[in-house]
Amino acid sequence: SFSQQTYAARGEAHSHPVAKELFAIMERKQSNLSLAADVSTKSELLALADKVGPYICVLKTHIDVISDFDQDLVAQLQALAAKHDFLIFEDRKFADIGNTVKLQYGGGVYRIADWAHITNCHVIPGEGIIQGLAEVGVPKGRGLLLLAEMSSKGMLATGAYTDKNVEMAVRNEFVIGFIGSKRFTEERDLITMTPGVGLHAAGDALGQQYRTPELIVTENGSDIIIVGRGIYGAGKDPVVEAKRYRDAGWAAYLNRLGK
Ligand code: 5IU
């Protein structure tokens with residue numbers, strides 16, 4: 001199983017350039033931690049990314065919550081990605097027909113495909129959404145994650161719907177993996193990233209549910225933990241917490257390898 005192989009070995013063998021780079025970063029930084037930076041201003045996002053950057057492999061953004069977004073923000077994010085050696089994942093969750101998502105991904109105010117190494121989509125419209133996004137993303141060397149599951153209470157991505165995500169991921173080269181709670185397949189070494197990870201809290205008032213890095217990485221075989229408020233939440237020192245989650249995620253990975 002890919003779960004038993006090192007990130008380094010998987011990176012060397014991988015055919016997708018984004019997955020290859022991601023595994024190489026994970027190995028270099030000994031980090032399988034992604035920061036979910038849901039802050040609402042440009043200055044907060046840049047300050048957080050600069051502080052926590054050394055400890056993460058992926059910075060996950062919701063660019064449309066930034067109240068003072070401008071193109072300089074993404075230029076500065078790209079500079080921080082280069083400085084600290086991480087990839088940028090815009091958690092856009094596209095969900096429209098192929099022709100519309102092409103416009104949303106490549107254009108508009110945000111021009112996501114120009115700066116985000118990774119983005120994601122629901123497959124609720126059918127496989128055309130992947131083809132539409134691929135027309136924009138493949139020429140730019142980007143990668144896509146499918147939303148095979150979600151972390152929130154009562155979510156509807158289960159059973160046959162999750163299985164369809166896996167089938168579509170396997171046959172579309174643009175797809176590098178999933179958002180979900182576990183490893184789904186041994187085909188093409190598809191990567192799983194898992195949100196809803198917390199060492200202390202059980203959840204929030206709006207349906208979020210937290211599970212531990214040990215459960216997600218060691219037991220379930222997911223590759224990357226995504227942590228937001230556990231790192232930058234009220235009263236926390238983001239650097240202290242990022243190190244804590246980086247160490248916990250990496251220990252869970254070493255346990256999985258049996259080291
Ligand atoms: N996120 C989830 N669950 C999901 C998906 C995305 O929590 O199933 I798909 C996002 C929402 C937020 C981050 O940006 O991941 C989790 O943040 P907290 O760790 O603060 O709950």
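For reference, positions follow the sequence shown, starting with 1. Atoms within a ligand are numbered from 1 in the order they appear, just like the ligands themselves. Just so you know, these numbers come straight off a predicted model, no measurement behind them.
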* Who are the side-chain hydrogen bond (donor to acceptor under 3.5 Å, both in side chains) partners of Q76, not counting sequence neighbours? -> D72

* To do: Write out the protein residues near ligand 1, meaning a non-hydrogen atom under 4.0 Å from one of its atoms, in order of chain and number.
  => A36, D38, K60, H62, D91, K93, L147, M150, S151, I179, P195, Q208, Y210, V227, G228, R229

All N/O donor-acceptor pairs, side-chain side in residues 112-128, below 3.5 Å, sequence neighbours left out:
residue: D114; atom: OD1; partner: K140; partner atom: NZ; Å: 2.9
residue: D114; atom: OD2; partner: R111; partner atom: NE; Å: 3.0
residue: W115; atom: NE1; partner: Y110; partner atom: O; Å: 2.7
residue: W115; atom: NE1; partner: R111; partner atom: O; Å: 3.3
residue: H117; atom: ND1; partner: I88; partner atom: N; Å: 2.8
residue: T119; atom: OG1; partner: E90; partner atom: O; Å: 2.8
residue: N120; atom: OD1; partner: R92; partner atom: N; Å: 3.1
residue: N120; atom: OD1; partner: K93; partner atom: N; Å: 2.8
residue: N120; atom: ND2; partner: D91; partner atom: OD1; Å: 2.7
residue: E127; atom: OE1; partner: R171; partner atom: NE; Å: 3.2
residue: E127; atom: OE1; partner: R171; partner atom: NH2; Å: 2.7
residue: E127; atom: OE2; partner: R171; partner atom: NE; Å: 2.9
residue: E127; atom: OE2; partner: N172; partner atom: ND2; Å: 2.8

* Structure fact -> Of R183, H14, Q5, the one forming a side chain to side chain donor-acceptor pair (under 3.5 Å) with D189 is R183

What donor-acceptor contacts under 3.5 angstrom involve side-chain atoms of residues 47-54, with partners at least two apart or in another chain?
residue: D50; atom: OD1; partner: K83; partner atom: NZ; Å: 2.9
residue: D50; atom: OD1; partner: H84; partner atom: NE2; Å: 2.7

* Donor-acceptor contact present, side-chain K20 to main-chain E12, <3.5 Å -> yes

* Hey, is K102 close enough to E135 for a salt bridge, meaning N to O under 4.0 Å? -> yes

